[in-house]
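In the text below, chain A, chain B and the rest are named by the order of the sequence lines, each starting its count at 1.
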Amino acid sequence: MTDNTLRKVTLVEAINMALHWEMAHDDSVVVLGEDIATNGGVFRATVGLKETFGFRRVMDTPLAENLIAGTAVGMATQGLKPVAEFQFLGFIYAGMEHIVSHASRMRNRTRGRLHCPLVYRAPFGGGIHAPEHHSESTEALFAHVPGLRVVIPSSPQRAYGLLLAAIRNPDPVVFLEPKRLYRAVTQSVADDGQALPLDTCFTLLEGEDVTLITWGPCVQETLQAAEQLAEQGVGCEVIDVATVAPLDRETLLCSVAKTGRAVIVHEACRNGGVGAEIAASLAERAFLDLQAPVVRVSGYDTVMPYYRNEAFYLPRVEDIVSAVEQVISL
Amino acid sequence: MTDNTLRKVTLVEAINMALHWEMAHDDSVVVLGEDIATNGGVFRATVGLKETFGFRRVMDTPLAENLIAGTAVGMATQGLKPVAEFQFLGFIYAGMEHIVSHASRMRNRTRGRLHCPLVYRAPFGGGIHAPEHHSESTEALFAHVPGLRVVIPSSPQRAYGLLLAAIRNPDPVVFLEPKRLYRAVTQSVADDGQALPLDTCFTLLEGEDVTLITWGPCVQETLQAAEQLAEQGVGCEVIDVATVAPLDRETLLCSVAKTGRAVIVHEACRNGGVGAEIAASLAERAFLDLQAPVVRVSGYDTVMPYYRNEAFYLPRVEDIVSAVEQVISL
Amino acid sequence: MRKRHEFHVDSTRYLDDNGSPLGELPSQAAETERVLAAYRNMVLTRTFDAKAIALQRTGKCGTYPSVLGHEVVGTAIGQAMMATDVFVPYYRDQATHILRGVRLEDMLLYWGGDERGSVWPACPEDLPIAVPIATQCCHAVGVASAMRVRAENRAVVCCVGDGGTSKGDFLESINLAGAWHLPVVFVAINNQWAISTPRGLQSGAETIAQKAIGAGIPGHVVDGNDYFATVEALDTALERAHGGKGATLIEAVTYRLGDHTTADDATRYRSAEELKHAWEKDGIKRLQNWLHDHGHWRPDQEKALQEECRETVDAAVQAYLSTESEPPTAMLDYLFETLPDALKEQRERLAQRSTEVRHDG
Amino acid sequence: MRKRHEFHVDSTRYLDDNGSPLGELPSQAAETERVLAAYRNMVLTRTFDAKAIALQRTGKCGTYPSVLGHEVVGTAIGQAMMATDVFVPYYRDQATHILRGVRLEDMLLYWGGDERGSVWPACPEDLPIAVPIATQCCHAVGVASAMRVRAENRAVVCCVGDGGTSKGDFLESINLAGAWHLPVVFVAINNQWAISTPRGLQSGAETIAQKAIGAGIPGHVVDGNDYFATVEALDTALERAHGGKGATLIEAVTYRLGDHTTADDATRYRSAEELKHAWEKDGIKRLQNWLHDHGHWRPDQEKALQEECRETVDAAVQAYLSTESEPPTAMLDYLFETLPDALKEQRERLAQRSTEVRHDG
Ligand SMILES: Cc1ncc(C[n+]2csc(CCOP(=O)(O)OP(=O)(O)O)c2C)c(N)n1
Ligand SMILES: Cc1ncc(C[n+]2csc(CCOP(=O)(O)OP(=O)(O)O)c2C)c(N)n1
Ligand SMILES: [Mg+2]
Ligand SMILES: [Mg+2]
């Protein structure tokens with residue numbers, strides 16, 4: 001790693017950097033989706049790829065998510081490594097059959113003869129005042145599907161390293177990008193092709209009193225809550241799960257063994273969210289360690305409201321703080 | 001209710017009875033799906049409907065699940081009450097966009113102007129030696145979607161009463177029928193048009209020592225396990241959740257307040273299954289009542305194996321018994 | 001032994017780019033009042049559109065999809081439909097909504113992030129805007145099926161973009177419409193672009209209308225900037241539908257004169273030249289010229305109309321801007337007919353927040 | 001101003017129901033060895049099929065979809081393809097699989113509930129059976145795209161049933177094949193039924209081949225019981241694909257002579273008469289007659305072939321029946337390339353069960 005590879009970038013630029021790196025270093029990587037080539041993606045995540053790698057490897061598709069999902073499966077069985085973009089997570093559902101019934105099963109079905117080294121990318125989450133269907137947080141739907149990895153970066157560095165890992169992974173990865181963080185923060189990222197692991201959570205902050213477990217956009221609010229709580233003398237351990245499936249329960253259990261308390265924060269609606277699996281796992285395996293119930297701070301069990309009321313749906317720093325105060329008081 | 005309405009029927013016959021009853025008593029009920037009219041459905045659930053109510057109300061569709069899901073939405077906005085069959089739950093995924101983005105949202109989107117009084121029926125679960133994709137248990141995918149009810153009968157009586165309730169309900173219901181129970185048991189069912197509630201769990205057996213929480217096909221094995229455990233002097237409370245979303249947490253919490261112990265049994269893979277939400281809810285709200293961790297007995301976190309090894313995937317009576325023994329021993 | 005199965009679609013246009021007739025006009029041209037009403041609606045739509053974009057640019061409205069270039073086809077649809085028919089829109093159908101009785105402030109509310117923008121008392125059966133592309137096509141055949149089930153003499157008009165015609169929903173739906181002889185008219189509004197994706201990348205087919213052939217229904221191409229061609233095709237298709245003769249696919253060829261939405265910058269992917277060329281074919285100007293040339297319209301009328309439209313739009317903007325947001329509990333209150341017990345606690349939490357100062361407007 | 005866009009699809013047949021030429025035959029008829037190899041494959045396929053059904057009836061195999069009536073088209077596909085091409089099947093393509101080198105016992109293993117039935121060393125790039133209808137069409141265009149990306153001179157053949165042509169996957173895929181000029185041949189095997197749903201309920205279109213028009217690719221109808229018509233169409237379409245000229249849709253018209261699967265009872269929804277009529281068009285008999293009539297085949301050869309096929313099938317059945325089941329841990333071992341930590345505990349539990357007596361076989 002040399003100094004001149006260090007760049008100060010936003011999360012979406014880190015995505016773009018990772019795509020450039022991997023396409024330059026691996027001919028089998030191709031990119032496809034709606035408006036990703038000439039336009040460079042509606043969020044500019046794929047900008048420059050067509051110019052550098054040409055239409056052959058950077059493909060604007062017709063408007064059909066089912067087709068995008070399924071075409072990527074076919075490409076992957078041929079040893080290509082397609083990175084398929086869904087313009088928003090809210091438009092991925094038409095592709096669900098290929099994701100659930102094919103991408104995740106091809107290896108198992110053929111006993112390893114064929115497999116699907118593909119990445120399904122999608123911007124997700126709310127907070128950008130977008131129209132209906134543009135603010136979905138349905139990572140739990142994918143986390144429940146055996147054979148899929150579901151990866152969610154929450155910083156430019158992790159976006160870069162996790163996307164590289166996702167593309168190199170020989171199995172299908174659903175890669176969800178928190179769009180309200182796309183340009184919210186910048187970080188120095190070394191453009192050195194270093195991937196991050198897909199099988200461990202990232203401990204962002206160490207603490208003794210309570211474990212805050214989160215991922216994606218809510219990492220921001222959770223870190224802010226931890227800062228406030230630190231001022232009150234409460235030591236928070238903040239864990240970015242990052243790969244929500246398959247889940248690294250060990251890191252979470254170790255942390256809770258230490259703190260005895262856990263608060264889970266996610267933007268998705270609560271019922272059946274990934275938080276439920278984490279809470280259930282902790283409650284089962286850390287039963288004797290837990291000094292308070294595992295509490296979830298999350299979106300409401302409803303559809304994301306149109307943007308006038310969006311802010312009422314999203315978990316806030318103060319919600320996290322008060323959840324921590326609640327579990328700490330027990 | 002007169003005696004001559006009592007019939008000894010299987011679960012699939014109870015479904016058929018309920019469809020006949022409701023179509024006879026409500027002109028707005030229509031039925032659609034693949035092979036449901038002339039053939040009466042591949043499981044014979046809709047047999048006789050076409051003969052009685054005609055092709056106008058009993059519609060064989062082209063082969064397109066996305067279309068079936070979406071056509072039902074359109075019909076429902078017109079005040080029809082479509083009961084749409086997906087031939088197997090494993091083939092519903094193509095219809096996911098309409099289920100997630102439209103059926104469940106039409107009322108909310110239009111602030112009550114339009115709504116979707118529809119039922120999506122699908123046989124689900126394994127155990128019948130079927131080919132790939134014919135043994136899915138992905139109820140959790142639907143339970144996580146705000147605005148949907150997910151209802152799962154486990155006996156002929158509940159199939160009859162719950163299906164009537166589902167059709168009459170003014171909102172969309174995903175109605176999953178445990179196909180390995182279709183013909184496994186018979187029960188006397190009064191063909192009297194009496195619906196059952198969609199907002200409460202059914203307590204099938206009362207007991208003091210442990211709460212067994214289950215639904216669908218696993219109700220059978222759970223009851224058998226309870227019987228075995230009764231012989232060992234362990235009193236099991238067996239609860240059939242039936243409506244897995246929205247979840248009646250009160251009944252479950254009351255039971256656990258009494259027993260202090262809970263085992264959840266489902267056929268779906270464990271990670272992110274409905275059992276996770278139940279376990280998380282109990283662990284959070286019954287924290288002080290619980291004398292042992294909530295344990296889940298479930299399928300493995302993988303795709304249902306082809307039928308030679310299917311039996312290794314399915315939860316068995318002995319798995320439930322030993323889970324109970326484990327939580328009782330704490 | 002070889003057998004040939006032959007198919008065709010026709011394409012129609014009556015006016016040249018300047019509004020001069022290319023030959024004999026259809027009977028619709030003689031209905032002066034209707035033509036004038038159409039023209040007025042086009043101008044109102046365009047005035048509204050400019051204002052909505054301005055509101056977005058000044059932070060008073062959310063992302064908004066300009067209707068520029070769709071005024072003619074949208075108006076023709078609205079005129080051809082009966083009040084008892086059902087309109088199944090996509091998101092760029094402002095011209096039709098206005099004729100169906102949707103209030104301008106409702107459209108602003110919708111794009112301004114308020115669900116109440118889809119409460120349409122004047123056309124309570126029309127479907128709300130479908131954001132997921134082409135999904136509305138399946139709903140349209142569902143609505144048409146309901147009409148068939150009840151043996152009603154009503155029809156459905158469903159709009160979809162050129163991009164949307166690549167998606168299964170559209171293709172499956174036109175097929176069902178053919179198989180079931182449904183009273184539905186699909187209007188594929190071919191504005192040459194799906195965001196940055198040009199029509200040519202959507203399909204190798206010469207026309208979109210020919211997709212009707214695989215569905216066994218008639219397909220027809222019209223110049224979507226030619227009011228007479230478009231309204232004639234709509235009238236004919238709706239007559240067929242009302243007469244129990246089944247479905248039609250109309251491809252209305254036009255051009256998206258604006259950006260895809262206010263979040264888009266079309267200069268990234270298309271040339272100024274192409275856009276300039278498209279403006280030369282503008283259907284409003286064309287109809288205005290025809291009206292002038294045939295003595296149906298005078299400059300002072302134009303001036304008055306412009307003034308009137310501005311006032312109408314300004315009043316709507318006032319109504320929109322003065323509409324208070326819903327309480328946050330609304331996000332739970334319309335999910336089910338009655339609030340399930342499972343959501344009661346969450347609703348209480350939200351109710352406590354009702355008095356909070358909003359983070360955003 | 002009206003413009004007419006014209007389209008057509010041709011349908012081809014060379015032999016009458018008895019195998020007599022209706023006119024001049026295509027050049028393929030002169031390749032006697034190839035024709036004989038085709039005939040042999042058809043007979044082997046039919047022999048295998050009868051045995052598989054018998055195994056299911058006696059509890060030795062799971063639900064099985066009979067290939068009866070598809071032997072001709074399946075064989076033509078297998079013959080027309082190069083070894084380096086990729087076959088993307090649905091679930092009724094036994095005749096093709098055999099020519100691709102899939103072993104009969106593999107097919108039995110697959111329907112007998114064992115994932116190893118999809119490990120195909122002889123054609124490692126062919127896609128496994130796709131059970132979810134029409135989904136394979138999207139995979140086919142994906143495979144063809146990979147060939148295009150790598151500028152390879154290879155092609156894909158993808159099969160789909162008449163029912164499958166109503167599903168978005170098929171329609172979206174042929175459209176992409178047209179838009180991207182992909183080297184892919186779609187064969188829609190129109191056997192008149194999709195379980196109990198007759199062809200006429202799937203679509204109002206006169207032919208399935210005409211769905212190609214909306215995708216901008218050539219469509220062609222062949223009598224799928226006519227070996228010469230079918231193999232000629234396949235040869236032509238694959239030549240086009242290999243030559244970089246793009247995709248083709250072939251509709252092979254035949255009849256599903258058996259039940260949908262062994263779980264189905266077709267007498268519930270179709271008449272004995274219709275079935276009898278369909279048997280009169282049987283393509284194997286037709287080709288046999290032609291071979292006889294032209295001196296390429298003798299009764300003693302037929303007898304020897306029948307015997308040989310029986311032996312081949314019996315050997316496969318033995319191999320199948322003597323294959324031990326996989327250990328239960330297999331259900332986790334192929335999910336990911338390497339077992340994630342999250343699954344280790346579950347794998348251990350399964351490993352403990354490896355020695356258990358099976359509940360079923
Ligand atoms: C299923 C789905 N995928 C993607 C999008 C994002 N999107 C919004 S509009 C659009 C292009 C639509 O183009 P077209 O159908 O031609 O209609 P136009 O906007 O040109 O009127 C896309 C890709 C969406 N709304 N829905
Ligand atoms: C997506 C999906 N829906 C439903 C089914 C159940 N199913 C299996 S075969 C079949 C009919 C298929 O008919 P067709 O495409 O004509 O093929 P054929 O069986 O006649 O060869 C159906 C509905 C399925 N396998 N996949
Ligand atoms: Mg467009
Ligand atoms: Mg068929």
- Item | Any donor-acceptor N or O pair under 3.5 Å, side chains D/E206, C/H5 | yes
- Item | Contact summary for D/G214 and C/S203, nearest pair of heavy atoms | O-OG, 3.6 Å
- Message: Please classify the contact between D/E24 and chain C as side chain, backbone, both or neither, with a heavy-atom cut-off of under 4.5 Å.
- Response: neither
- Indicate yes or no: at least one non-hydrogen side-chain atom of C/F7 is less than 4.5 angstrom from one of D/Q210. yes
- Query: Among C/A177, C/G216, C/P21, which residue forms the greatest number of heavy-atom pairs with chain D at distances under 4.5 Å?
  - Reply: C/G216
- Note on the structure: Scored by heavy-atom pairs under 4.5 Å with chain C, the best of D/G246, D/A209, D/A205 is D/A205
- Query: Going from CG on C/L171 to CD1 on D/I174, what distance comes out if it is rounded to the nearest 0.5 angstrom?
  - Reply: 8.0 Å
- Item | Distance, nearest 0.5 Å, that separates CD1 of D/I213 from NE2 of C/H8 | 12.0 Å
- Residue D/T207 versus chain C: region with a heavy atom under 4.5 Å: side chain
- From D/D10 CG over to C/M1 CE, what is the distance, rounded to the nearest 0.5 angstrom? 12.5 Å
- C/L22 portion near chain D, given a 4.5 angstrom heavy-atom threshold: side chain
- Options D/L201, D/T12, D/V9, ranked by heavy-atom pairs under 4.5 Å with chain C, top entry: D/V9
- Message: Please determine whether the number of non-hydrogen atoms from other residues, nucleotides or ligands lying under 6.0 Å from atom NE2 of D/H294 exceeds 12.
- Response: yes
- Query: Are more than 12 heavy atoms from other residues, nucleotides or ligands located less than 6.0 Å from atom CD of C/E239?
  - Reply: no
- Task: Could you walk me through whether D/E172 and C/K167 pass the side chain to side chain contact (heavy atoms under 4.5 Å, CB included) test, one step at a time?
- Result: CA-CA 6 Å; D/E172 291 176 348; C/K167 195 157 174 274; 4.1 Å; yes
- Message: Taking the side chain as everything from C-beta on, heavy atoms only, tell me whether D/N175 gets closer than 4.5 Å to C/K211.
- Response: yes
